[in-house]
Amino acid sequence: MGGNVRRKALAWWPTRPRHRFLAAAGVVLVLAGLVWLGWPAASPFRRADRVLTVDSGPGGRESTALDTSFYVPAGASAADAVPAVLLAHGFGGTKESVRADAEDLAAQGYAVLTWTARGFGRSGGQIHLNHPDYEVRDAQRLLDWLAAQPQVRRDGAADPRVGVVGGSYGGALALALAAADRRVDAIVPMITWNDLARAFAPNAVGDDPATGVFKKSWAALFFGRGGAPGAGTAGTPGGDQGSAGPEPDGAAGPGGAAGPGGETGAGGDSGAGGAGGDGGAGDDVACGRFAVDVCAIYRQAGATGRPDAATLARLRLANADLRAVRAPTLLVQGTADTLFPLAEADANARALAAAGTPVRVAWFTGGHDGGNGPANDRDRVRALTGQWLGHYVSGELGRPANSFTYSRVAGFAVGERGLVASGYAVDYYPGLAGTDRREIPLSGPPRRLANPPGGAPAAISSLPGAGALSGLAGSLGGDLPGQHADFVSPELTRPLDLAGAPTLPLRAASPTGEAVLFVKLYDVPPGGRPTLVGGQAAPVRLTGLPARVEGATPVTVTLPGLVHRFEAGHRLRVTVASADAAYATPAAPAVYTVAAGDAPLLVPDMPGRAIPTDATAWRYALLVCVVLGVAAAVLVGRRRRGRADIAVEAPHAEDPLVVRGLRKVYPGGFVAVAEVGFTVGRGQVVGLLGPNGAGKTTTLRVLTGLTRPSAGDALVFGHRLAPGAPVLSRIGALVEGPGFLPHLSGLANLRAYWQATGRPVADARFAEALEIAGLGESVHRRVRTYSHGMRQRLAIAQAMLGLPELLILDEPTDGLDPPQIAAMRVVLRRYAADGRAVLVSSHLLAEVEQTCTHVVVVHKGQVVADGPVADIVGDSPTTQFAVGDPAAAAKVIGDMVGVVSLELDELGGIVADLGTVPRGAAVASLVRAGIRVDKVVPRRRLEDAFLSLVGEQTRGSGDR
C-alpha cells in the first residue's frame, strides 16, 4: 500500500530520463532564484557619523562643532576615487532630514557629506541665517575636509570634485557657497530665495521690499518660538532644536526618496550640541538659538508690521552674490509656494544667465505649501538632478537639454493612492511673462471694500507651513463680505494653459492716500465652487492715492507665478481683498475703492509638450506588443480569408458609407452602442446627433478603424470596414482631437503625416487643403505657437489631405470663432457637392441644421430618427413672422396670454411658440396694432425636433 501511495504522489514527475533531467534543472533554477531573492543584498555604501570642529566666524577665529554623516560608495577607495556631493537641509531640519536623499545619491556612486547646520540639532553655534562669516564659511571648511578624504576625487590640491544640493535654507546656502568658493563644480538649489528681504516683504507693484507687505505668518513660524523664554541655546545640553521654528520642507530634496521637500525639521534630532558652541553666557536668552541681530529682525518687523531699512539690510546678508557664481546651476522651484514663489527662481535664473553661468529652470508641483508633490513629479526632479550632477560633477552623462520643464496635477492615481502630475517641456525658458499671452477681458463695476480695524477678520488665501494641506486653501478659507471686489471674465471658448505670472491694470482710491490690497485669481467652473489657483495672493501696497477712483492712475499688478489649466466653459475671476490672514495690514480702518477692466488680464498661455512617464513607456511597450500580435494574426489569417478583405458587395459599391446593425459592448457588460444602422450617400452632409452617452464617438471610432464592433459591420464603397482595411485610405477623419509635433510648422506636420501614409506627394493636394484651413502665412509657424482654433483648422486640413471620398469629422467647429464656423459651413457643403460625402458629429444643432442635408439621431445606442433635415424638422406650433416693426410685433405677441416663447430671428423677424394662441388671432392682433405683416409661416427648429426625440438629456457615460 505504501508503494502505491508513493507512486501516486510522484505521478507528476516525468518518467523519461531526458524529461527528468529538464525537470530537475528547472527545480534547481527556481530554488536558486528564491535563494537569490531572499538573500540580503550588500549595502551599496557605508556611513560614518562624526562631529567635525570648524573654524569660522569673522576672521575664522571661532570654533563650532557640526554633527555630520559621511556616506561612501562601497567600491570607493584612493585608487578608485568618486565625486562628492555636499547635501544641505532646510530650516529647522537636521542631517537626518536628508538621510534618504543622501542614501540615494550614495547608491548612485557619490560620496555624500551631510551635516546639521549651526544652531540646529546636535550642532553647536547660533543661527545667523546663512551669513557669509558663519554658515557659508562652515560649508567652506566642509569642502576642505572633503578634499582631504582619499575616497573623494580631486581636481587639484584641496579641491574636491563636488556638487552642492539643498532645498530652501539649504538651497540658498548652495548659491552662496558657489559664489564664495570656486571649488564648487555644480549646484542644485531648490525652493529657495533670490532676495530674502523681498520674499518676506513682497509688493506686486514695483517689487520694492521697502514698500512691501510683511508676511507675518511665515515670519512668526520661523522666529516666534526662537524668542520664547527657556528655549534651548547653543552649548546648552538638551535644548530644543525646534525652538528656532521649523520649516515645513526641512530637507534638501534632490528628488531622492524624500523628494523636493523631504522630512520636516520638527521630526529631526533633538538636543543642542554641547561641543564647540558659540553661544553661552551673555547671549540674549529670549533669542533661543538665534543670533541677537537675527532676533532683532523679527522684533522690529513683527512689532511695526513694516521692516525698516536696517531689517532689510540684515535680511539681504543672506542673499548670494549671483554675479560671482560660475558653477552650472539647476534651479528647481515649487508652484505651490507662498514663501518663496516662482518669482524668486526667475530672478535667480536671470541673474545667473546675465553672468554667463549655465542655468536651467524646472518647476514642480509642490513647495512650502504643497509638500513634496506627487510621486511621479518627484521622480522627474530626481532624474533632472541626476542628469545635472552626472554631467557637471561625475562627467559620466551627456550635456543636459536646455529645455524648461514644469508640471501640474493631472488627477488621482488610484493604484498609488495619491495625486499624479503631468510634466511638460518647452524648448527654452520663457520666464514668468511667457512668450504667448492671452488677453482675457474682465467686467465688473468699481467696488468699495473695507479694511477692518486691526486687520481682522481677514480672508484666508493660504495656510503657511501646512504643507500639502495648504493646497486646499481655496476650500478652507474665503473672502469676507464687504472686504473684496470681484471682476469676472466671459466663459472660455477653449482651454487656457496658464504657466507664468498674469498681469492686470488696477485703479484704487483711499481717503488716507494709502491702501494695502491682495489680488487673487480664481477658476470658476459652471455651477461649481470657485478654486483659488495655487492658494496664492499678490500683496500690493499703494501710496499717493486719490480719494476718488475716477482720478486714480492705473498700476500694473503682477500676480504670483502659477501653473493651472482652465477648461473651456470656465471663467476667470480676479478678486481684490482688503485683508489677508498671512500678512500684516494697516491697523486703522479705512474704505478703499478699486476698479479693474480698463485693459484685459494678460495670461501666459504655455501648453508645452507632454513628458513621457514610466506609465507612458509601459503603455507604448504594451502597444508595440499589441501591434506585433495583430500583425501576426493578420499574417496567419490571410491564408484563411483569401481575398475576402478586398471583396466588394456590388449593391453598395457606390455608397460612401453603409452602417448595418452596429453594436459595441465593452468588458463588464457596458453597452456603448446597442444597434445603429444608416447610410451616407454621395453629395450628402450627414449630421450625427445625440445626447452625451448616446454612442456617437464609439460609432465614429468603429467607422475609422480605431476599434472593432461587437456585432454588425460597416461598408465603405462596398468594402467591409475593419482595422487596417485598405479602403481606409479613402476616408479622411478627425476624431478625438488633433495630434501634432509642436516643434514643427503646420505645413511640416501635414507633409510628415502624408509621408507616413506612403502615398505619392502629388496625391496630397496640399494647396486645396491649406485653402480650406485658412491659416495663411501661419502655416509656416511652429505648431506650439498655435491657438486651439488654429490647431483645429490644421487638423481639418489634415483630414482633407488627398481629398478623400468620405470625410468623418467629430466636433470640427470646436475652438473656431463665429466667422470661422460660418466658413466651415460653406466648406463642408462644397466638399460634398463634388460627389464626395461628409459625416459630421456636432453638438451645435443650429450649425447642423444650416450645414447638413441629412441627420441621424442616436439615443441610448440606437437610431431614433434618420432622414433629410426637412423631414426630421417637420411642423410645429412655432411660427415665424416677417413684419415691418419686429420690436413692436414682439411686444404685441409677447403680451398675449398662452404664448410660450418668443425671440427675434437672424432675418429681422420674430419666431414665437404660440402655444394655445391660434395663428389667425396673432395675425389679427398685429394688424389691429398697425404693424405690417409680410409673411407668416410655421417654423420648427432642429433643436425642437431633437428634444422631442430624445427627451430630457441625462448624464451619459462620457461618450459623446
Side-chain angles (χ1 to χ4, degrees), residues 630-631 633-665 671-690 695-735 757-759 763 799-810 828 831-841 852-858 861-868 871:
V630 169
V634 169
L635 291 174
V636 172
R638 277 185 174 177
R639 294 186 179 182
R640 302 178 60 184
R641 293 198 309 268
R643 296 179 56 84
D645 61 331
I646 59 173
V648 178
E649 294 192 17
H652 300 293
E654 293 301 315
D655 293 328
L657 179 64
V658 177
V659 181
R660 303 183 297 194
L662 199 67
R663 179 178 175 84
K664 179 63 179 179
V665 181
V671 180
V673 177
E675 184 177 3
V676 168
F678 59 89
T679 298
V680 178
R682 287 187 181 273
Q684 293 181 355
V685 180
V686 179
L688 183 62
L689 306 179
K696 301 191 302 299
T697 296
T698 299
T699 300
L700 295 183
R701 286 176 56 83
V702 172
L703 298 182
T704 51
L706 296 176
T707 189
R708 286 185 178 274
S710 304
D713 62 4
L715 303 176
V716 175
F717 296 105
H719 296 268
R720 189 170 182 179
L721 196 60
V727 75
L728 285 171
S729 64
R730 303 173 70 177
I731 300 176
L734 169 59
V735 179
T757 67
R759 288 179 277 176
D763 296 342
M800 291 182 176
L801 283 180
L803 302 183
E805 296 168 90
L806 174 62
L807 193 61
I808 299 177
L809 304 175
D810 188 13
L828 296 182
Y831 192 87
D834 292 337
R836 294 180 287 267
V838 179
L839 176 64
V840 55
S841 170
C852 298
T853 60
H854 295 66
V855 293
V856 177
V857 182
V858 181
Q862 295 181 307
V863 175
V864 295
D866 175 13
D871 293 348

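Owing to the predicted nature of the structure, the values given are computational and were not obtained by experimental measurement.
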For residues Lys664 and Pro709, report the shortest heavy-atom separation together with the two atoms involved.
CD-CA, 4.3 Å
For Gly677 and Asp866 the tightest heavy-atom approach is O-OD2, 4.3 Å
To check you understand the geometry: which heavy-atom pair defines the closest contact between Leu703 and Ala714, and what is its length?
CD2-CB, 3.7 Å
Does any non-hydrogen side-chain atom of Ser841 lie less than 4.5 Å from one of Thr697?
no
If we only count heavy atoms from C-beta on, is the Leu715 to Arg660 side-chain gap below 4.5 Å?
yes
Can you name the salt bridge (Lys or Arg N to Asp or Glu O under 4.0 Å) partners of Glu654, sequence neighbours left out?
Arg682
Whether the side chain of Thr679 engages the backbone of Val658 through a donor-acceptor N/O pair (distance < 3.5 Å, no angle test) should be reported.
no
Measure the CD-CG distance between Gln684 and Asp655 for me, rounded to the nearest 0.5 Å.
9.0 Å
Non-hydrogen side-chain atoms of Pro868 and His854 separated by less than 4.5 Å:
yes
Check side-chain contact (heavy atoms from CB on, under 4.5 Å) between Ala711 and all other residues, then give those that pass, not counting sequence neighbours.
Arg663
Val858 vs Thr699 side-chain heavy atoms within contact, under 4.5 Å
no
For Glu675, does the CD atom sit with more than 12 other heavy atoms under 6.0 Å from it, leaving out its own atoms?
no
Provide the closest heavy-atom pair for Ser710 versus Val665 in the form atom of the first, atom of the second, distance.
OG-N, 2.8 Å
Under 4.5 Å between any side-chain heavy atoms of Ile731 and Pro804, yes or no?
no
Among Leu839, Leu662, Val855, the one residue meeting side chain to side chain contact (heavy atoms under 4.5 Å, CB included) with Phe678
Leu839
How close do Ala837 and Gly681 get, heavy atom to heavy atom, and via which atoms?
CB-O, 3.5 Å
In short, Leu806 meets Pro656 closest at the heavy-atom pair CD2-O, 3.7 Å
Pick one: which of Val856, Asp810, Val857, Leu809 meets side chain to side chain contact (heavy atoms under 4.5 Å, CB included) with Leu688?
Val856
Tell me, do Leu803 and Tyr831 make a side-chain contact under 4.5 Å, heavy atoms counted?
yes
Taking the side chain as everything from C-beta on, heavy atoms only, tell me whether Val702 gets closer than 4.5 Å to Val676.
no
